[in-house]
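These figures come from a predicted structure and were not determined experimentally.
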Amino acid sequence: MVVKFYFDLMSQPSRAVYLFLKINDIPFEDCRVELFKGEHKTEEFSQINPMQAVPAIEDDGFILTECSAILKYLAHKNYKADRAHWYPTVAKQRAQIDEYLSWHHGNTREKTNKPFILWMLEPLITGNKVNKEALPQAHDELEKMVTRFESYYLKNNFINSNCISIADIMAVCEFSHLKSICHDVTEGHPKFAAWIKAVTDALQPHYDEAMVRIYKIQRAFEGHSERENFNLVDELYA
């Protein structure tokens, strides 16, 4: 049986799992869950994940949620010698990947999400205008996080390694979400910019495929005369 994959490509963690499945030619059943249509809150999906979040997988009756757990499981289950770089079996190498994954949620994910939330999600949910007073602090915290990320985790070509891993996929999916609000986080960070390029190149042609909806929002946001009145859902389903 193939894995059932519940996802929405508007979700950064969903894109990470999607890219891992595609780049490794792992067959899966496409079970889309449209977040902006509230499909994650249905009774049917709540049976899969009571937390009502994507991604999730079901593998012959075994259900697993949370992106990093799913990626580790898939890397282990589909292990081949030429795929060992995704989640190394050598203890110290694996620990270095796990080190970043432990840092990821409270730093990369939190700091990249904040500008997106301020520009798009909060106005969508509350009906209020963009809180522009909060944007400078959010951008400053993002910049500081990128500086720390670059100086500590990018001492090699990829995160704590000279080979791409699940850590790189998870990270790049968070940073790439900033494209939707036209925020270039690579400015002034050449090593970081080179890492972004190396990871996205390694994930092609699937990376651009996974980013189609983000690119659509980016184009609409760029051309919107009054960005504080931008409606994410209207543009997404236009």
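Hydrophobic clustering of Ile, Leu, Val, Met, Phe, Trp and Tyr side chains at less than 4.5 Å, counting indirect connections, unites F62 with F5. Residues L121 and F221 are members of one and the same hydrophobic cluster, defined by side-chain heavy-atom contacts under 4.5 angstrom among Ile, Leu, Val, Met, Phe, Trp and Tyr. One hydrophobic cluster, built from ILVMFWY side chains closer than 4.5 Å, cannot hold both L21 and V2; they sit in different ones.
Across all their heavy atoms, T112 and L178 have their closest contact at O-CD2, 3.5 Å. The heavy-atom pair separating L9 from A210 by the smallest distance is CB-O, 3.9 Å. The heavy-atom pair separating V17 from P55 by the smallest distance is CG2-CG, 4.0 Å. Of all the heavy atoms in L124 and F36, the pair that sits closest is CD2-CE2, 3.9 Å. Taking both residues in full, the closest heavy atoms of P123 and I117 are given as CD-O, 3.8 Å, listed atom of the first, atom of the second, then distance. Smallest separation of non-hydrogen atoms from W195 and N157: CD1-O, 3.6 Å.
Put simply, the side chain of N24 never gets that close to the backbone of I26: no donor and acceptor are under 3.5 Å apart. When atom types are taken as modelled, the side chain of D184 and the backbone of T186 share a donor-acceptor pair closer than 3.5 angstrom. Although no hydrogens or angles enter the test, the distance criterion places no donor-acceptor pair under 3.5 Å between the side chain of R213 and the main chain of M10. Under the 3.5 Å distance criterion, the side-chain polar atoms of S180 are matched with a main-chain donor or acceptor of H177. In this structure, the side chain of D168 engages the main chain of S165 through a donor-acceptor pair within 3.5 Å. One N or O on the side chain of R94 and one on the backbone of P88 form a donor-acceptor pair closer than 3.5 Å. When atom types are taken as modelled, the side chain of H85 and the backbone of I164 share a donor-acceptor pair closer than 3.5 angstrom.
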Take I23 and W86 through the test side chain to side chain contact (heavy atoms under 4.5 Å, CB included) and record every step on the way to the result. CA-CA 11 Å; I23 203 70; W86 290 112; 3.7 Å; yes
Under the side chain to side chain contact (heavy atoms under 4.5 Å, CB included) criterion, do M170 and R109 qualify, and how do the steps go? CA-CA 9 Å; M170 282 188 64; R109 183 157 174 76; over 6 Å; no
N78 vs R83, test: side chain to side chain contact (heavy atoms under 4.5 Å, CB included). Steps then yes/no. CA-CA 8 Å; N78 297 277; R83 294 179 180 175; 3.5 Å; yes
For Y87 and Y79: C-alpha separation, side-chain torsions, deciding distance, then whether ring pair (Phe, Tyr, Trp, His ring centres under 6.0 Å) applies. CA-CA 9 Å; Y87 192 49; Y79 175 84; over 10 Å; no
Applying side chain to side chain contact (heavy atoms under 4.5 Å, CB included), run through I166 and S68 and close with a yes or a no. CA-CA 8 Å; I166 60 173; S68 61; over 6 Å; no
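A side-chain N or O of S46 and one of Q52 form a donor-acceptor pair less than 3.5 Å apart. No donor-acceptor contact under 3.5 angstrom links the side chains of N160 and Y152, judged on distance only. Side-chain contact, T108 with Y100: a donor N or O sits under 3.5 Å from an acceptor N or O. The closest side-chain donor-acceptor pair between Y153 and Q96, if any, does not fall under 3.5 angstrom. E143 and H189 share a side-chain donor-acceptor pair at under 3.5 Å. Checked by atom type, the side-chain pair D208/Y215 shows a donor-acceptor distance below 3.5 Å. Judged purely by distance below 3.5 Å, without hydrogens or angles, the side chains of Q12 and N113 pair a donor atom with an acceptor atom. Side-chain N/O atoms of E122 and N131 include no donor and acceptor closer than 3.5 Å.
With respect to K179 and E174, no salt bridge is recorded, no charged nitrogen being found less than 4.0 Å from a carboxylate O. Using a cutoff of 4.0 Å between basic side-chain nitrogens and carboxylate oxygens, D59 and K4 are not scored as salt-bridged.
Heavy atoms from other residues, nucleotides or ligands lying under 6.0 Å from CD of Q204 number more than 12. Other residues, nucleotides and ligands place more than 12 heavy atoms under 6.0 Å from the CD atom of E209.
Of the residues listed (E141, H139, E133), the one engaging Q137 in a side-chain hydrogen bond (donor to acceptor under 3.5 Å, both in side chains) is E141, and it is the only one.
Using bins of under 30°, 30° to 60° and over 60° for the plane-to-plane angle, the ring pair F45/Y6 lands in the tilted bin.
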